[in-house]
Amino acid sequence: MSIAAQDDSNSDRGVRIGIAVVERDGCILVGIRGPDQVLPGLHEFPGGKCHPGETPEDCTARECLEETGLSIEIVDLLYQTSHDYPHGRVELHFFHCRVRDDRGGPLLGNFTWVQTSQLDALQFPEANRPVVEKLLRPEA
Ligand SMILES: Nc1nc2c([nH]c(=O)n2[C@@H]2O[C@H](COP(=O)(O)OP(=O)(O)OP(=O)(O)O)[C@@H](O)[C@H]2O)c(=O)[nH]1
């Protein structure tokens, strides 16, 4: 059975999370985690916990729309890992995404477009490191 078809949104690999790495014109969509969230103040890609029965892909598109107002489509799986944070274990699915319907309106929340080459200067959660590396050095 594929990971996407499983229905255990909280397995021993951790709480399943879908994350959107949305790329447009050499930029990536980035926000800052709020004071009431875990890992407050760190930068983040849009994303969140999968609902029961929801695939990581569907979760990623839903969370991105809810958090940023942008409708996206999944391009491919960029990176997948389980990570132990002090707040618990998460199974992270990072998807490379593109904008589906760019109406050019304002983004919701504190999300902005950041040049891919500038990602290194931002502070992301620990588990994002390999993803940022891949974005900075796609040929490696
Ligand atoms: N959204 C997001 N979460 C990330 C990233 N990297 C990373 O390790 N995470 C982790 O993935 C988990 C996502 O949880 P969340 O709290 O944002 O999810 P949510 O919005 O569904 O939760 P909530 O509605 O309960 O606040 C957290 O443990 C967070 O630390 C990232 O780039 N974006």
Side-chain angles (χ1 to χ4, degrees):
M1 184 188 282
S2 76
I3 287 168
Q6 290 174 4
D7 193 20
D8 56 340
S9 53
N10 191 355
S11 70
D12 56 0
R13 288 183 301 274
V15 177
R16 207 185 307 156
I17 309 288
I19 298 179
V21 181
V22 189
E23 194 162 9
R24 192 190 67 182
D25 300 335
C27 294
I28 303 284
L29 195 51
V30 174
I32 300 177
R33 297 184 65 80
D36 301 331
Q37 292 184 288
V38 293
L39 308 177
L42 292 188
H43 288 89
E44 65 166 357
F45 305 121
K49 302 181 192 76
C50 295
H51 291 168
E54 185 178 46
T55 65
E57 289 88 342
D58 287 348
C59 164
T60 297
R62 173 183 55 74
E63 288 279 353
C64 187
L65 184 61
E66 286 175 7
E67 293 181 356
T68 73
L70 266 190
S71 172
I72 52 147
E73 56 191 12
I74 308 288
V75 178
D76 54 20
L77 181 66
L78 198 55
Y79 184 67
Q80 182 181 328
T81 190
S82 285
H83 191 87
D84 288 305
Y85 284 113
H87 57 271
R89 170 172 283 207
V90 286
E91 185 189 64
L92 300 159
H93 301 249
F94 293 88
F95 292 100
H96 188 200
C97 306
R98 63 176 157 243
V99 179
R100 183 192 293 276
D101 180 16
D102 197 350
R103 302 216 170 112
L107 293 166
L108 302 179
N110 55 26
F111 282 89
T112 55
W113 294 103
V114 174
Q115 290 273 344
T116 306
S117 60
Q118 301 303 309
L119 291 178
D120 223 8
L122 307 183
Q123 268 208 299
F124 285 97
E126 215 170 278
N128 288 35
R129 171 54 36 199
V131 178
V132 171
E133 284 296 320
K134 269 175 185 270
L135 293 168
L136 289 172
R137 284 171 273 282
E139 68 291 344

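Only a predicted model underlies this, so the values are computations on that prediction, with no experimental measurement involved. Remember, it's 1-based here, ligands and their atoms both numbered in the order they're listed.
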Would you call [X] a ligand 1 contact, heavy-atom distance under 4.0 Å?
| X | result |
| --- | --- |
| R33 | yes |
| E126 | no |
| H83 | no |

Worksheet item: According to the interplanar angle, ranging from 0 to 90°, do the rings of F124 and H43 count as parallel (below 30°), tilted (30 to 60°) or perpendicular (above 60°)?
Response: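 Rings of F124 and H43: tilted, as their planes differ by 30° to 60°.
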
Worksheet entry | Whether H83 and Y85 hold their rings parallel, tilted or perpendicular, with breakpoints at 30° and 60° |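 Rings of H83 and Y85: tilted, 30 to 60°.
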
Worksheet item: When only distance counts, is F45 in polar contact with ligand 1, meaning an N/O pair under 3.5 Å?
Response: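 Yes, there is a polar N/O contact under 3.5 Å.
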
Worksheet item: With a 4.0 Å heavy-atom cut-off (strictly under), which part of F124 contacts ligand 1: side chain, backbone, both or neither?
Response: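 For F124, no heavy atom sits under 4.0 Å from ligand 1.
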
Considering only heavy atoms of [X], which atoms of ligand 1 have at least one such atom less than 4.0 Å away?
| X | value |
| --- | --- |
| H87 | 27 (C), 28 (O), 30 (O) |
| N128 | 5 (C), 6 (N), 7 (C), 8 (O), 31 (C), 32 (O) |
| G47 | 1 (N) |
| E63 | 21 (O) |
| P125 | 6 (N), 7 (C), 8 (O) |
| L39 | 30 (O) |
| V90 | 28 (O) |

Worksheet item: Would you say E66 has more than 12 foreign heavy atoms packed within less than 6.0 Å of its CD?
Response: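 It does: E66 CD has more than 12 such atoms within range.
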
Practice prompt. Measure from atom 19 (P) of ligand 1 to the protein's non-hydrogen atoms and state whether any distance is below 4.0 Å.
Written response: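 So atom 19 (P) of ligand 1 has protein heavy-atom neighbours under 4.0 Å.
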
